[in-house]
Amino acid sequence: MSRSEQIDASKLKGVPTSYSSVGWSLLIIGVVLMLVAFAINVKHASFSLIMTLTYVATIGTGALFWVGTEYVSSAVWSTVLRRPFEFMAGVIPFLFILVFPLLFNLHSIFAWTHKSLFATDPTMLVRAPYLNIPFFIIRTILVIGVWCLFYFLIVRNSKLQDTTRDQRLTKRNVNLSAGFMPVFAITLTLFTVDWLMSLAPDWTSTVFAVYVFAGAALGAMAFGTLLIVKLNEKDRFPVKLTPDHYYNLGAFLFAFINFWAYIAFSQFMLQWYGNLKEETSWYIPRMHGSWAVVSIVLALAEFLIPFFMLVSRAAKLNPRRLVFVSVWLLVAHAIDIYWLTMPEYSSSRAVFGLGEIAFLFLSAGIVLAVFAWKAKKNNMVPIGDPKLERGLEFHL
Amino acid sequence: MSEKRLYGLAAIFDTPEKVVAAARAVAGRGFTKYDSYSSYPIHGLDSAMRLKRTRIPFVTLVAGLSGAVLLVLFTWWTNSVDFPLAIGGKPYFAWPDYVPLMFEMTVLFGAVSTVIALLVVWLKLPRNSHPLHDTEFMKKVSKDKFGICIESDDPGFNETETRRFLEDLGAESVDSVYDEPVDISLKQKVLDPKFIAAIVVVAVVSSATTYLALNKMLLIRPWSSLNAQFKVNPESRSRFYSDGIGMRPPVTGTVARGHLPDPITVSDNLAAAEKYLVNPVLPSPHVMEVGQRDFNTYCSPCHGYFADGNSRLQGQFPSPPSLHTDSLRLAPDGLYYNVITNGFQGVMPSYARQIPRKERWAIVWYIRALQKAQNPNGPEAK
């Protein structure tokens with residue numbers, strides 16, 4: 001079969017209208033709730049906005065990472081699935097809007113903005129040249145700016161190929177992606193150190209950014225799997241995907257469940273075993289009281305239960321199971337970010353209020369609305385990509 | 001020796017595309033007892049062969065999980081039950097320590113059991129060879145060719161028809177493979193003098209090298225570096241301290257943990273005792289119980305249970321005074337402590353040997369309680 005016979009041109013653009021309407025409703029409810037939360041308690045709401053920022057940033061950059069991986073590794077099977085990930089990465093420019101209210105509010109969020117902290121603690125004095133408001137703002141804008149740059153360049157080339165069918169664009173994107181990989185590693189490290197680790201300024205962990213990356217790649221893959229499998233099962237995907245595509249998506253989910261658990265446990269075990277004050281200070285609140293319950297729920301939700309849900313081959317081929325596990329993992333990713341962030345707001349007991357609900361609505365709303373908006377404007381399949389044909393005929 | 005039996009027909013194909021197409025045709029014709037051979041995995045071959053799902057993953061899962069469980073049981077029993085050992089201030093059952101080991105054991109048990117299960121299924125253990133072993137067919141498919149072998153057990157098998165069928169599919173060559181069971185007589189092999197000699201040589205060589213490595217080689221430089229550490233070994237002279245003593249005496253004034261020093265040695269100096277001694281023990285229900293027990297044991301025979309001098313030994317010993325007089329009630333704690341420690345004017349003996357220091361102070365607290373009970377409105381009650 002030739003390429004034109006396999007692609008249903010009527011389904012190339014757009015997704016069911018429910019995607020857009022659900023996304024926008026969630027987004028509007030989320031914005032309203034977040035505004036109310038800010039009116040009630042600025043500090044609590046700021047932490048909720050940090051969670052939203054982290055969630056959207058991890059989904060967006062995780063998706064861009066998968067796009068880059070597809071190019072760098074010259075993967076064939078995933079060419080047909082690349083566009084949904086490009087659409088998901090479309091949230092990256094909106095990070096500027098999310099981060100904007102926070103930049104005016106740093107003093108009520110971060111302990112290191114208080115000069116007294118540096119006066120009393122000699123170890124903090126060493127960090128003073130890094131942890132200060134001007135440099136922090138420069139870093140944040142730089143990091144999101146770099147992400148935007150790579151997003152726009154890679155996606156522009158990919159879109160351009162739909163009309164020109166120029167094979168050199170693939171080569172150019174491979175080079176861009178190869179450059180993006182180390183840049184992404186550095187920028188994601190800066191982002192996580194600034195926005196998550198510096199919430200507890202006396203704590204350090206060298207594997208922290210890898211931990212967040214594992215969650216980002218897993219979250220993006222879960223969201224991508226959810227959308228792709230849903231669209232294909234509803235017969236809204238422009239090509240008919242084979243069960244082997246499903247199997248690979250499930251295998252990636254399974255792999256990153258394990259990778260996440262491996263990194264999470266590595267960080268925990270080394271700090272638990274070393275038993276040093278400056279390291280355990282981060283885990284102690286998370287291991288006592290109601291936060292201990294959240295920690296156990298997180299370990300079950302992001303590793304143990306999805307592990308057994310996806311371990312068999314039949315599960316990775318079952319679309320209903322894949323959709324269920326994807327939604328499950330997206331919720332688990334939200335719990336993960338909640339667990340990373342909120343103990344620094346209330347270390348004695350777990351809090352769940354308006355801000356957390358706003359976080360869930362806003363995050364889900366942004367990623368879904370942006371996906372629907374991008375899908376309306378662009379082709380769901382990269383019809384000009386030279387690798388597409390082999391991707392369509394992919395078999396295990 | 002049994003005679004040759006036809007095992008099957010082995011066909012060689014040139015390209016992976018041909019073998020996939022051939023496998024699809026063989027499966028389509030209804031053959032079930034056949035297999036495809038290739039030196040690397042071919043995309044699409046599984047579905048072309050219409051393979052049933054194998055049960056080997058269950059073996060892997062069960063074996064892997066039992067590896068993890070056995071490891072937990074083993075570490076729990078050795079580390080918390082049989083020989084409890086506190087390591088790094090951690091609890092005896094420090095589960096995070098065991099997780100890397102659980103992971104390793106899961107992988108080990110899973111991998112080894114998978115290989116064994118594959119051998120069982122493919123070789124039909126305890127048979128340790130396969131009819132296709134050491135054939136031209138196997139040599140070719142291990143290098144640059146691809147093959148399909150249809151077994152003669154298959155109900156649709158007919159030697160001439162199947163051979164023509166495979167040739168029509170584009171096979172480069174079709175060979176008959178024969179099953180030739182070899183009779184292995186275990187008795188002869190085990191008692192073979194060469195075999196026994198080999199075992200003896202291996203045993204001698206391995207034990208000799210082990211002995212030399214552990215007892216001789218490790219004492220030669222550079223392996224001996226672990227023995228030459230810069231530390232004082234027991235019963236040896238320190239080269240660091242000028243007096244040659246490795247185990248240093250504690251600094252003057254060092255107090256052992258839990259030790260209650262006697263701040264002044266008061267023999268007959270009551271003035272000093274009254275002035276300087278302060279009760280260092282804080283009152284608590286436990287302290288009061290200790291004080292009551294010791295008072296009833298050591299003091300009450302003469303002083304009476306209520307410290308009023310009305311005791312069960314009255315008349316046999318010099319009667320002590322009541323401790324409820326105004327002057328004694330207002331006397332400082334140091335006086336009582338001093339009298340218990342040193343005795344009183346040759347009439348009351350020293351109780352220093354019988355009563356440890358902390359318990360003497362507990363007795364003082366108990367005496368104070370008795371005094372307050374007898375004089376609830378006394379001046380010191382404030």
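Residue numbers begin at 1 in each chain, while the letters A, B, ... track the order of the sequences.
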Is it true that atom CD of Glu278(A) has more than 12 heavy atoms of other residues, nucleotides or ligands lying nearer than 6.0 Å?
yes
Any side-chain heavy atom of Pro96(B) sitting closer than 4.5 Å to one from Phe268(A)?
yes
Do other residues, nucleotides or ligands put more than 12 heavy atoms under 6.0 Å from Phe58(B) CZ?
no
Please check if the number of heavy atoms outside Lys240(A) that lie under 6.0 Å from its NZ is greater than 12.
yes
Heavy-atom count check: over 12 atoms from other residues, nucleotides or ligands less than 6.0 Å from Lys230(A) NZ?
no
So with a 6.0 Å cut-off around CZ of Phe157(B), is the heavy-atom count from everything else above 12?
yes
Can you tell me how the ring of Trp95(B) sits relative to the ring of Phe265(A), calling it parallel under 30°, perpendicular over 60° and tilted otherwise?
tilted
So, do Asp97(B) and Trp272(A) sit near enough that their side-chain heavy atoms are less than 4.5 Å apart?
yes
Is there side-chain contact between Pro100(B) and Met269(A), with heavy atoms separated by less than 4.5 Å?
yes
More than 12 non-hydrogen atoms from neighbouring residues, nucleotides or ligands closer than 6.0 Å to CZ on Phe307(A), yes or no?
yes
Listed by number, the residues in residues 24-46 of chain B that come under 4.5 Å of chain A (heavy atom to heavy atom) are Ile42(B), His43(B), Gly44(B), Leu45(B)
Crowded around His286(B) NE2? As in, over 12 foreign heavy atoms under 6.0 Å?
no
I'd like to know whether CZ of Arg55(B) has more than 12 heavy-atom contacts from other residues, nucleotides or ligands below 6.0 angstrom.
no
